[in-house]
2 protein chains.
Amino acid sequence: MRFRRIPDETIRRLPVYFRALLFFAEQGSRYISSSSLAELVGLNSWQIRKDFSYFGGFGTRGVGYEIAELLKQIRKILKIRTGQKIALVGVGNLGSAMLAYPGFQIYGFEIVAAFDNNPKKIGKKVKNVKVEDVAKLGSLKRRRIRLAIIAVPCEAAQNVADKLVNAGVRGILNFSPCYITVPSTVKVITIDIAMDLARLPYYVPGSVFAEW
Amino acid sequence: MRFRRIPDETIRRLPVYFRALLFFAEQGSRYISSSSLAELVGLNSWQIRKDFSYFGGFGTRGVGYEIAELLKQIRKILKIRTGQKIALVGVGNLGSAMLAYPGFQIYGFEIVAAFDNNPKKIGKKVKNVKVEDVAKLGSLKRRRIRLAIIAVPCEAAQNVADKLVNAGVRGILNFSPCYITVPSTVKVITIDIAMDLARLPYYVPGSVFAEW
DNA sequence: CTATGTGAATTTATTCACAGCA
DNA sequence: TGCTGTGAATAAATTCACATAG
């Protein structure tokens with residue numbers, strides 16, 4: 001294996017591999033071939049081998065890759081580790097769904113604080129997390145929580161983002177379908193669910209939405 | 001303008017442009033320059049001009065692009081139109097959040113049917129949509145609903161997917177963090193919220209999660 | 001004989017630089 | 001002069017084909 005920069009597209013696929021490998025590990029498998037992994041995640045085997053070759057060379061020819069080793073490497077590259085604390089702002093339907101979302105745990109994330117501006121919600125416990133007043137967002141700095149999920153209505157999103165940045169948050173997962181601006185030192189990932197959906201009709205032949 | 005296939009990456013950016021253009025249109029602007037659009041969506045102006053050049057050539061030099069015309073073209077390419085019916089399966093927190101999600105409307109999608117297996121929920125109305133028994137998924141064919149959102153727990157996802165396929169659904173937006181398999185004639189987009197989050201530590205210098 | 005690993009070829013996408021039009 | 005539009009240059013990612021190890 002020669003050193004080379006890992007392409008961005010490979011980085012994008014690593015979480016996919018990671019999840020699939022955990023799945024295989026749970027089944028009790030010890031080794032996995034590039035082709036069986038390919039089948040599960042819907043890619044070609046050579047793509048997967050190429051991806052792994054950027055940081056690996058730890059497969060065994062004629063056998064496959066050791067799952068535990070792959071998981072270890074991906075964890076190292078993506079800096080996945082347990083106990084990565086996240087704050088949630090907005091405990092509405094979407095926020096509650098986030099608190100219940102089982103997917104975060106896989107990558108070591110844990111929502112340890114929740115905030116809302118609704119007095120009826122403040123003080124209540126949702127999924128073992130006590131809902132705090134959104135006015136207390138400043139406490140995140142002291143509590144060393146540097147990642148946050150915004151799940152508030154559009155109008156409130158920018159204001160919340162500003163407060164988060166002031167509180168030392170460095171990464172934001174934004175679920176509101178609107179633009180927020182932050183200093184360039186803070187990384188924002190905006191997830192607009194509808195945007196992925198919007199691409200669907202283009203790709204489905206004859207259109208999913210034909211009138212029949 | 002010469003004819004050329006529109007690159008996939010351009011297609012991926014079109015919904016982003018679309019949303020931003022609607023935003024500018026609401027502000028009452030009539031023209032937009034590639035650079036102001038670029039600033040809002042966080043891309044370079046030449047990228048945007050290049051993207052538009054694949055299907056356009058309708059900008060005015062020295063002035064910019066006519067917003068209405070751009071919107072029209074993007075609508076045509078992505079096949080965006082109003083009244084695109086969607087069914088929702090699973091009216092838990094995530095499902096309820098989907099029903100309330102304002103982003104779908106932008107692209108002309110509308111959730112017109114909701115299903116759950118919880119007798120307590122069946123018959124109730126959530127956001128003007130009556131919750132039906134999941135056993136009645138078969139009715140989608142008759143009702144000409146060909147797109148569905150799966151927002152059920154992992155264990156139930158595959159079963160629901162099978163039923164949807166049987167009911168003639170052609171596109172599925174899957175929110176459960178697990179693999180579902182469908183015939184190749186059906187397009188599935190799986191959104192694993194945690195997967196985007198998982199890439200964040202890699203990109204943030206020094207790591208978002210440093211111990212201080 | 002199976003499945004990895006990787007240079008080389010190919011395809012695809014981004015960036016540049018500037019011509020051309022209002 | 002300002003901003004579009006686009007070939008050409010560059011960069012990046014995918015695909016191939018096959019040598020190589022177990």
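Sequence lines set the chain letters: A, B, ... in the order given, protein chains first and strands last, and positions in each chain run from 1. Here the structure is a predicted model, which means the values were calculated and not measured.
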task = Give the nucleotide from the list C:dA22, C:dT14, D:dT20 with an atom nearest to the side chain of B:Arg13.
result = C:dT14
task = Have a look at B:Ser34 and say if it touches a base, only the backbone sugar-phosphate, or nothing, with a 4.0 Å heavy-atom cut-off.
result = sugar-phosphate
inquiry  = For B:Lys85, is there an ion pair with B:Glu110 - N to carboxylate O distance below 4.0 angstrom?
reply    = no
key: Main-chain N/O of A:Gly92 paired to A:Ser96 side chain as donor or acceptor, under 3.5 Å   = yes
query = Can a side chain N or O of B:Asn44 be found less than 4.0 Å away from OP1 or OP2 on C:dT15?
reply = yes
message = Regarding A:Phe58, tell me which of base, sugar-phosphate or nothing describes its non-hydrogen contacts under 4.0 Å with the strands shown.
response = sugar-phosphate
inquiry  = OP1 or OP2 of C:dT6 versus the side-chain N and O atoms of A:Tyr54: is any pair under 4.0 Å?
reply    = no
ask   = Hey, does B:Phe52 reach any base, or is it just sugar-phosphate, or nothing, if we go heavy atoms under 4.0 Å?
value = nothing
key: Nearest-nucleotide pick for A:Ser33, side chain only, options being C:dT4, D:dA13, C:dT14   = C:dT4
message = Going by ring-ring contact (aromatic ring centres under 6.0 Å, His included), A:Tyr65 matches just one of A:Phe52, A:Tyr17, A:Phe24. Which one?
response = A:Phe52
ask   = Once the angle between the rings of B:Tyr101 and B:Phe104 is folded into 0 to 90°, is it parallel (under 30°), tilted (30 to 60°) or perpendicular (over 60°)?
value = perpendicular
query = Quick one: does A:Arg61 reach the base of C:dT2 with a side-chain donor-acceptor pair under 3.5 Å?
reply = no
inquiry  = Mind checking if A:Ser45 touches a base, just sugar-phosphate, or nothing, with heavy atoms under 4.0 Å?
reply    = nothing
